[in-house]
Amino acid sequence: GDSQVPLRALERAVALYRGELLAEFRYAEWAIEERERLSQIAADCFRRLAKIHAAAGDLDHAIALLDRLVALDPLDGPTQRALIALCLRRGRYGRANRQYSLFQARLQRQFGERPDFELAELIADPA
């Protein structure tokens with residue numbers, strides 16, 4: 001009945017998340033599967049909550065949530081795209097440009113690839 005209950009649960013979940021499970025045992029095979037599972041759940045919570053805040057017009061909160069998610073996974077293209085689009089919607093053109101440039105440089109350095117979207121596309125339609 002209370003539509004705020006799921007929102008509060010998501011807010012609490014992202015507030016509690018501090019990063020990868022057992023990060024000090026990064027290469028321990030026994031922890032990899034659970035670490036990945038929990039990371040995916042956390043990423044889903046961040047994305048859902050950012051979407052809710054963006055839809056409500058609270059772009060600054062949505063941007064902050066996506067910033068945290070990008071810090072956890074800087075090569076996640078869809079999250080980078082969403083963050084840059086929100087920066088553009090908020091009128092933070094310099095921030096959007098810097099974010100795109102950093103993402104582009106990381107992809108190039110790590111994989112010799114370019115993003116699957118162009119900044120010009122997002123400028124034309126930041127939604």
Side-chain angles (χ1 to χ4, degrees):
D2 184 0
S3 64
Q4 291 300 307
V5 171
L7 179 61
R8 286 194 303 265
L10 283 173
E11 291 280 5
R12 179 134 170 82
V14 299
L16 291 172
Y17 190 72
R18 299 287 181 237
E20 288 186 341
L21 172 73
L22 300 171
E24 64 275 15
F25 299 106
R26 183 150 211 28
Y27 301 105
E29 282 189 38
W30 54 267
I32 292 172
E33 190 176 321
E34 185 64 5
R35 178 183 303 119
E36 182 61 26
R37 186 183 78 80
L38 293 175
S39 292
Q40 289 301 318
I41 290 170
D44 189 44
C45 289
F46 278 101
R47 281 188 203 96
R48 287 175 188 233
L49 197 53
K51 193 173 187 174
I52 289 167
H53 284 288
D58 188 357
L59 300 183
D60 289 333
H61 197 167
I63 288 169
L65 288 161
L66 292 179
D67 274 337
R68 282 190 62 198
L69 187 51
V70 162
L72 295 170
D73 187 0
L75 297 173
D76 180 5
T79 301
Q80 289 279 0
R81 181 186 183 112
L83 175 58
I84 294 164
L86 283 177
C87 288
L88 290 169
R89 280 181 52 197
R90 183 69 174 88
R92 296 182 178 168
Y93 301 107
R95 165 73 198 281
N97 185 51
R98 286 188 302 277
Q99 192 70 38
Y100 183 81
S101 295
L102 282 170
F103 179 52
Q104 185 178 33
R106 279 189 183 114
L107 275 182
Q108 183 63 44
R109 187 173 50 252
Q110 294 288 323
F111 300 107
E113 298 285 333
R114 293 186 48 81
D116 63 355
F117 62 93
E118 295 293 329
L119 186 57
E121 292 172 33
L122 297 181
I123 291 170
D125 183 18

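The analysis underlying the following values was restricted to heavy atoms, covering all of them including side chains, and did not include hydrogens, waters or symmetry mates. Residue numbers start at 1 and run along the sequence shown. Keep in mind it's a predicted model, so treat the numbers as computed, not measured.
Rounding to the nearest 0.5 angstrom, the gap separating the CG atom in L59 from the NE2 atom in H53 is 11.5 Å. Considering CZ of R92 and CG of N97, their distance stands at 15.0 Å, rounded to 0.5 Å. Interatomic distance, S39 OG to E34 CD, rounded to the nearest 0.5 Å: 9.5 Å.
A donor-acceptor contact shorter than 3.5 Å links the side chain of Q80 to the backbone of P74.
The two atoms that bring L86 and A54 nearest to each other are CD2-CB, 3.8 Å, heavy atoms only. Pairing each heavy atom of F46 with each of L72, the nearest pair is CE1-CD1, 4.2 Å. Smallest separation of non-hydrogen atoms from A50 and A62: O-CB, 3.4 Å. Contact between L119 and A96 at its shortest, heavy atoms only, is CD1-O, 4.3 Å. What you find for I123 and L88 is that their closest heavy atoms are N-CD1, 3.7 Å.
Residue pairs meeting the salt bridge (charged side-chain N to carboxylate O under 4.0 Å, His left out) criterion with at least one member in residues 64-75, sequence neighbours excluded, are D67-R95.
Paired with L69 under the rule side chain to side chain contact (heavy atoms under 4.5 Å, CB included), one option of D44, L83, T79 passes, and it is T79.
The hydrophobic clustering, which links ILVMFWY residues whose side-chain heavy atoms are closer than 4.5 Å, places Y93 and L102 apart.
Contacts of R98 classified as side-chain hydrogen bond (donor to acceptor under 3.5 Å, both in side chains), with partners at least two apart in sequence or in another chain: none.
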With a 3.5 Å cut-off and sequence neighbours excluded, list the donor-acceptor pairs that the side chains of residues 109-117 form with protein atoms.
| unit_1 | atom_1 | unit_2 | atom_2 | d |
| --- | --- | --- | --- | --- |
| R114 | NH2 | E118 | OE1 | 3.4 |
| R114 | NH2 | E118 | OE2 | 3.3 |

Open item on the list: What verdict does the salt bridge (charged side-chain N to carboxylate O under 4.0 Å, His left out) test give for R8 and E11, after you've listed the backbone C-alpha separation in whole Å, the side-chain angles of each residue and the deciding distance to 0.1 Å?
Closed with: CA-CA 5 Å; R8 286 194 303 265; E11 291 280 5; over 6 Å; no
Open item on the list: If you apply the rule side chain to side chain donor-acceptor pair (under 3.5 Å), what do you find for Q108 with Q104, and how did you get there?
Closed with: CA-CA 6 Å; Q108 183 63 44; Q104 185 178 33; over 6 Å; no
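Atom CZ of R106 has more than 12 heavy atoms from other residues, nucleotides or ligands within 6.0 Å.
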